[in-house]
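The structure appears right after this line, and notes come after that.
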2 protein chains.
Amino acid sequence: MSNNARFAEIAALAGDPGRASMLNGLMDGRALTASELAQLAGITAQTASSHLTKMTEAGLLQVEKQGRHRYHRLASPAVAQMIESIMRIAAPEVSVKAVRTGPRDAALRAGRTCYDHLAGHLGVSITDALIDAGHLELGIDAGEVTDSGLVLFDRAGIDVDVIAKRGRILCRPCLDWSERRPHLAGAIGAALCSHCFDNGWIRRIEGTRAVSVTPNGQRQLRETFGVSLS
Amino acid sequence: MSNNARFAEIAALAGDPGRASMLNGLMDGRALTASELAQLAGITAQTASSHLTKMTEAGLLQVEKQGRHRYHRLASPAVAQMIESIMRIAAPEVSVKAVRTGPRDAALRAGRTCYDHLAGHLGVSITDALIDAGHLELGIDAGEVTDSGLVLFDRAGIDVDVIAKRGRILCRPCLDWSERRPHLAGAIGAALCSHCFDNGWIRRIEGTRAVSVTPNGQRQLRETFGVSLS
DNA sequence: AGAATGCTTCGAAAACGATCGAAGTATCAA
DNA sequence: TTGATACTTCGATCGTTTTCGAAGCATTCT
């Protein structure tokens, strides 16, 4: 198959509403069953199954069989990045009189996971606080944790040395589609996200990839990282 | 229109072989006419016109009318990045007994432009030379020009200060689909590419985005940047 | 003015892919 | 073993999209 045909094939896979919904649903890095994905996309199990087969064969997804369940997840961070980059083009301009499309959407804008790190107002706020304090440098395409940042993370109980050894880029920016500004991604972004979940600072809003900040989380984020969520 | 529907719409646009060819043809940042794009994609002018209209309406392309010609270009670097990210997923694994699919393909692998910077063996070789000499640090997701690199570029006649002020990321990596390793992109990558063209170090191979290195270019690249093209 | 070029619009034919009901396989539970 | 759940495969239908010939409009050339 020619290179170009394969390009079109991959893009076309993401270009079906049903499949797009499923890919979106997997953007938080979780592995979901075929039924869950079917419901999420609003299609029958048969249709979903056919879609999932195609996407798996094309290398977009990975399946893990576990008893009578089949867990599907994005095949790699590269796939998540592809989805993000499409989302960035697809995200409507944030107009002055932007239509708020409902409470569910508002929650997503407030805070959500993006593959394995934090996004939305929450993610950008944390990122901004780290940059303002000189712990982080972040552009649209590249980023770096400063020495003071390394100290800070270490003090917070996030062992950067261990994380850095996993052969994954430590620190990279990810352009937020709702805020249209970069937030922290990469291994350190993922570690920070886990840390927030593990310590009960944030909690997932059932059935979505939106997250809410607990009162304790709000305090801890302010005290540890200087984050103020307006 | 829901967010998800628009995502699917964008991806579907890239998911047609004809349109994919055209987008690929525009990846070097040039603006091409509708006829050129039609020929490139191997379709009739009518079909191309319909495709181009759709992509322009969706915000993927920009048109510039000039007399009886209509020049089409990618609407933004973000679109180029989206295409790159899809290409990264679509690029077949480089197997040991990879099939060389012809001389035209070989030329592309040897050297080409990628949006506005250099890619292929040429691009990666330059990038490697800069990294080896300590002028550049580059990962898969992030990169930085070192102090010695700044001096080097300045001495070569590339004014980094001026470039840096254009509000574009100075230095970022771009994963090469043929070499599957990062090459230099961002503003400095674009400047370096222009510099090579302007000084006659490289020349575009008519009708493709492949470039050939002139004998003088080969010498200059070696002397200035320590590049050895094997 | 008349002819040629570049491109778009219209309309019809053909191809393709999504969808779901029905039936089949695998796993689990009791 | 029996029944339920999770998922896949098959087959037919139906809607969408691509495609290109033909005709139309705009611009440039002579």
Side-chain angles (χ1 to χ4, degrees), chain A residues 1-2 4-26 30-58 60-73 90 207, chain B residues 1-2 4-26 30-58 60-73 90 207:
Chain A
M1 186 187 306
S2 93
N4 198 68
R6 192 158 153 72
F7 175 98
E9 187 203 342
I10 298 293
L13 281 174
D16 171 82
R19 286 191 296 252
S21 293
M22 297 196 227
L23 289 173
N24 253 293
L26 294 169
R30 282 179 305 173
L32 301 182
T33 65
S35 333
E36 286 170 323
L37 286 166
Q39 195 188 5
L40 200 136
I43 52 182
T44 60
Q46 306 94 292
T47 306
S49 177
S50 137
H51 285 323
L52 290 169
T53 305
K54 282 176 199 167
M55 291 198 282
T56 304
E57 279 173 355
L60 253 50
L61 301 183
Q62 272 184 339
V63 232
E64 201 178 326
K65 200 176 163 185
Q66 211 171 97
R68 56 180 164 177
H69 294 285
R70 299 193 134 212
Y71 288 96
H72 299 261
R73 67 171 74 242
Chain B
M1 185 188 305
S2 92
N4 199 67
R6 193 160 151 72
F7 176 99
E9 186 203 341
I10 297 292
L13 280 174
D16 170 81
R19 286 191 295 253
S21 293
M22 297 197 229
L23 289 173
N24 253 293
L26 294 170
R30 282 180 304 171
L32 301 182
T33 66
S35 332
E36 286 170 325
L37 287 166
Q39 196 188 2
L40 200 138
I43 52 182
T44 61
Q46 308 94 292
T47 307
S49 177
S50 133
H51 285 323
L52 290 169
T53 305
K54 283 176 199 164
M55 291 197 283
T56 304
E57 278 172 356
L60 254 49
L61 301 183
Q62 271 185 340
V63 234
E64 200 178 327
K65 201 177 162 185
Q66 214 169 95
R68 57 180 165 180
H69 293 284
R70 299 195 129 213
Y71 288 97
H72 300 260
R73 68 172 74 241

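Residue numbers begin at 1 in each chain, while the letters A, B, ... track the order of the sequences. FYI, side chains are in, hydrogens and waters are out, and symmetry mates aren't considered; it's all heavy atoms of this structure.
Rounded to whole angstrom, the span from the CD atom of Q39(A) across to the C1' atom of dT5(D) amounts to 15 Å. Rounded to a whole Å, the CD atom of Q46(B) is 17 Å from the P atom of dA13(C). L13(A) has its CG atom 13 Å from the C1' atom of dA18(C), to the nearest Å. The nearest whole Å value for the distance from the CD atom in E64(A) to the P atom in dT27(C) is 15 Å. When rounded to the nearest whole Å, the span between CG of L32(A) and P of dA6(D) equals 14 Å. If you take CG of L37(B) and P of dT8(C), they are 11 Å apart, rounded to a whole angstrom. The separation between L52(A) atom CG and dT9(D) atom P is 11 Å, rounded to whole Å.
R19(B) contributes a side-chain N or O that, together with a main-chain N or O of A12(B), makes up a donor-acceptor pair within less than 3.5 Å.
The side chain of H69(B) has dG6(C) as its nearest neighbour among dT9(C), dG6(C), dT9(D).
Every side-chain contact (heavy atoms from CB on, under 4.5 Å) that A58(B) has, sequence neighbours left out, goes to E9(B), I10(B), L13(B). Considering only residues two or more places apart in sequence or on other chains, T33(B) meets the side-chain hydrogen bond (donor to acceptor under 3.5 Å, both in side chains) condition with E36(B). Not counting sequence neighbours, H72(B) has no partner by the side-chain hydrogen bond (donor to acceptor under 3.5 Å, both in side chains) test. For S49(B), the side-chain hydrogen bond (donor to acceptor under 3.5 Å, both in side chains) criterion is met by no residue, not counting sequence neighbours. Here A38(A) pairs with A48(A) under the side-chain contact (heavy atoms from CB on, under 4.5 Å) rule; sequence neighbours left out. Among residues two or more places apart in sequence or in another chain, the side-chain contact (heavy atoms from CB on, under 4.5 Å) test is passed with R73(A) by A31(A), Q62(A), E64(A). With sequence neighbours excluded, no residue satisfies side-chain contact (heavy atoms from CB on, under 4.5 Å) with Q39(B).
Within 4.0 Å of A45(B), counting heavy atoms only, lies at least one base atom of the nucleic acid.
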Practice problem: Start with the C-alpha gap between S50(B) and Q46(B), add the side-chain angles, then the distance that decides, and say whether side-chain contact (heavy atoms from CB on, under 4.5 Å) holds. | Solution: CA-CA 6 Å; S50(B) 133; Q46(B) 308 94 292; over 6 Å; no

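Regarding contacts with the backbone of dT27(C), every side-chain N or O of R70(A) stays at 4.0 angstrom or more from both OP1 and OP2.
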If you restrict it to nitrogen or oxygen atoms, what contacts under 3.5 Å exist between nucleotides 17-19 of chain D and the protein, and what is each distance?
| unit_1 | atom_1 | unit_2 | atom_2 | d |
| --- | --- | --- | --- | --- |
| dT18(D) | OP1 | R19(B) | NH1 | 3.0 |
| dT18(D) | OP1 | R19(B) | NH2 | 2.7 |
| dT18(D) | OP2 | K54(B) | NZ | 2.7 |
| dT19(D) | OP2 | H51(B) | NE2 | 2.8 |

Exercise. Summarise protein proximity over nucleotides 24-30 of chain D in one line of letters, 5' to 3': B for base, S for sugar-phosphate only, - for none, counting protein heavy atoms closer than 4.0 Å.
Key: ---BSS-

